[in-house]
There are 2 protein chains.
Amino acid sequence: MREERVESVERALSILEAFGSERRAMSLARLAEETGLPKPTILRLSASLIRFGHLRRDGDGTFRLGPSLWRLGTLYRRTFGMGDAVRPVLRALVAETGESASYYVREGDERICLYRELSPRGGGQRLDEGQRLTLGPGASSWVLLSWAEPHARHGLDRVRVSRGERNPGLVAVATPVLAEDGRLLGALTLSGPRERMDETAQARAAALLPEAAARIRMG
Amino acid sequence: MREERVESVERALSILEAFGSERRAMSLARLAEETGLPKPTILRLSASLIRFGHLRRDGDGTFRLGPSLWRLGTLYRRTFGMGDAVRPVLRALVAETGESASYYVREGDERICLYRELSPRGGGQRLDEGQRLTLGPGASSWVLLSWAEPHARHGLDRVRVSRGERNPGLVAVATPVLAEDGRLLGALTLSGPRERMDETAQARAAALLPEAAARIRMG
DNA sequence: CCCTCCGTTCCGCCTGGCGGAATGCCGGCC
DNA sequence: GGCCGGCATTCCGCCAGGCGGAACGGAGGG
């Protein structure tokens, strides 16, 4: 059984992968450099990506990611079925604690930030919606790993605190968001700088998060 | 000069296009039906899409859109360089008027909602971030069309009101968001049901929007 | 127990996709 | 003003990548 894949498709997708926060627009030559693909190949592949809106090309030849990615990306987020439930809850958490609030889901061995509301005070982690992080150290990683199995939760704390586990200057507090049937939907997290997230603030967050998670819950 | 494209890539992208609000998960047979592609072809193409995270496949064989779309989609949104400027302004508008606030950008002959904050009162248009709409009737379409050219703005009203132009039951009020150099960045919009958006509410929105747009403005 | 539909694999076929070379253009430098 | 370097684009011969019909096995429903 040979491994089925389509090389041309993967080449096209590798063009999209070349873009990043520091590489939002690229020339043909730059793309060739980043992907290792010959320019004629990039021109052909990108013509199809452009036609489907996954890339755009400016008048001067510069390539950028296209609007179909945003449309499909938000459609992906909607597959989680959270509707409009999450953002108001995140906002209320920010209002009550003054720290940033996020909602993460697990994807394989990563976690993805689907929603984030920033603290007006700043000073938090430079993280935005769309970013993916490893399931390594951190409160929300712990939640997404530990609460994954409905039948293996005996004795688990409902709230997890991490003090500089992943990012030395930050404290994060997280709790699971569960469906009516007990399935884990995601992790609700509050985070802020250590100086602000003292033990009192941590206790406050730990008190607020479970009921906030319950407000997000849906069948 | 024959038109350069890569058919395999377009076939793969047509698989992604098959998904929609009403089609968030599909079986192989269903995908074959939707795309017209033979199942062996879909299996090969989807193997590559899955490998790059654009699709996922559940244990029971069901296909869903994958996390790379969310990551690339939010990266696309970040290419507009709005940073964290928009959402707090939308939220303040919602708080002050009780109606939903949105930020649109233009893409070719469409407009795209990049940010949206919903009114807690509900009753507005069923529209979410990610949705694209034609540049047809409507206040924000008018703004995105009329304010496009920096050198053709003499005498333009800074605020546009549309009463049921696009959606009979809704009123929308929009204003342009301009960069320091006068380039049009997007359209800032408030909208709500006609019953709530009477002339007083419209005048209130018309007063608030330009200064809100100025707060979003960046160099 | 049988039938239908689904998912998967196989394999011969052929054209889709490739990339090096050539060309034209543009901007920068002398 | 001319030259040079680098970029983008086009061409075209080559070949292997991609295709899809057929067959098979499994599962679920009647």
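To find a chain, count down the sequence lines: A is the first, B the second, and so on, and within it residues start at 1. Predicted model only: the values in this text are computed from it and were never measured.
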A/Arg77 to A/Tyr115, cation-pi by 6.0 Å centre distance and 45° axis angle: yes
Separation of C/dG7 P from B/Asp58 CG (nearest whole Å): 13 Å
B/Arg111 to B/Tyr104, cation-pi by 6.0 Å centre distance and 45° axis angle: yes
side-chain N/O A/Arg11 vs D/dG18 OP1/OP2, d < 4.0 Å: no
Protein-nucleotide distance (A/Glu7, atom CD; C/dG17, atom P), rounded to Å: 12 Å
Closest heavy-atom pair and its distance - A/Arg30, A/Ser27: N-OG, 3.1 Å
Of A/Thr175, A/Val177, A/Val89, the residue whose pairing with A/Leu209 passes side chain to side chain contact (heavy atoms under 4.5 Å, CB included): A/Thr175
Interatomic distance where CD belongs to B/Glu4 and C1' belongs to C/dG19 [whole Å]: 12 Å
Length of the NZ-C1' vector between A/Lys39 and C/dA21, whole Å: 12 Å
Sugar-phosphate, base or nothing in reach of B/Leu37, heavy atoms under 4.0 Å: nothing
Under 4.0 angstrom between B/Arg44 side-chain N/O and C/dG7 OP1 or OP2: no
B/Arg5 CZ to C/dT15 P, straight-line distance once rounded to whole Å: 15 Å
Sugar-phosphate, base or nothing in reach of B/Arg57, heavy atoms under 4.0 Å: sugar-phosphate
Selection from C/dC18, C/dG20, C/dT8 that lies nearest to any side-chain heavy atom of A/Pro40: C/dG20
Rounded distance in Å - CD (A/Glu33) to P (D/dC7): 8 Å
D/dG18 phosphate, OP1 or OP2, under 4.0 Å from A/Ser8 side-chain N/O: yes
For atom CD of B/Glu10 and atom P of D/dG18, their distance in whole Å: 15 Å
Residue whose closest nucleotide on DNA chain D lies nearer the 5' end, A/Ala29 versus B/Pro38: A/Ala29
Rounded interatomic separation in angstrom, taking CG from A/Leu28 and C1' from D/dA8: 6 Å
Over all atoms of both residues, closest heavy-atom pair of B/Leu75 and A/Ser21: CD1-N, 3.8 Å
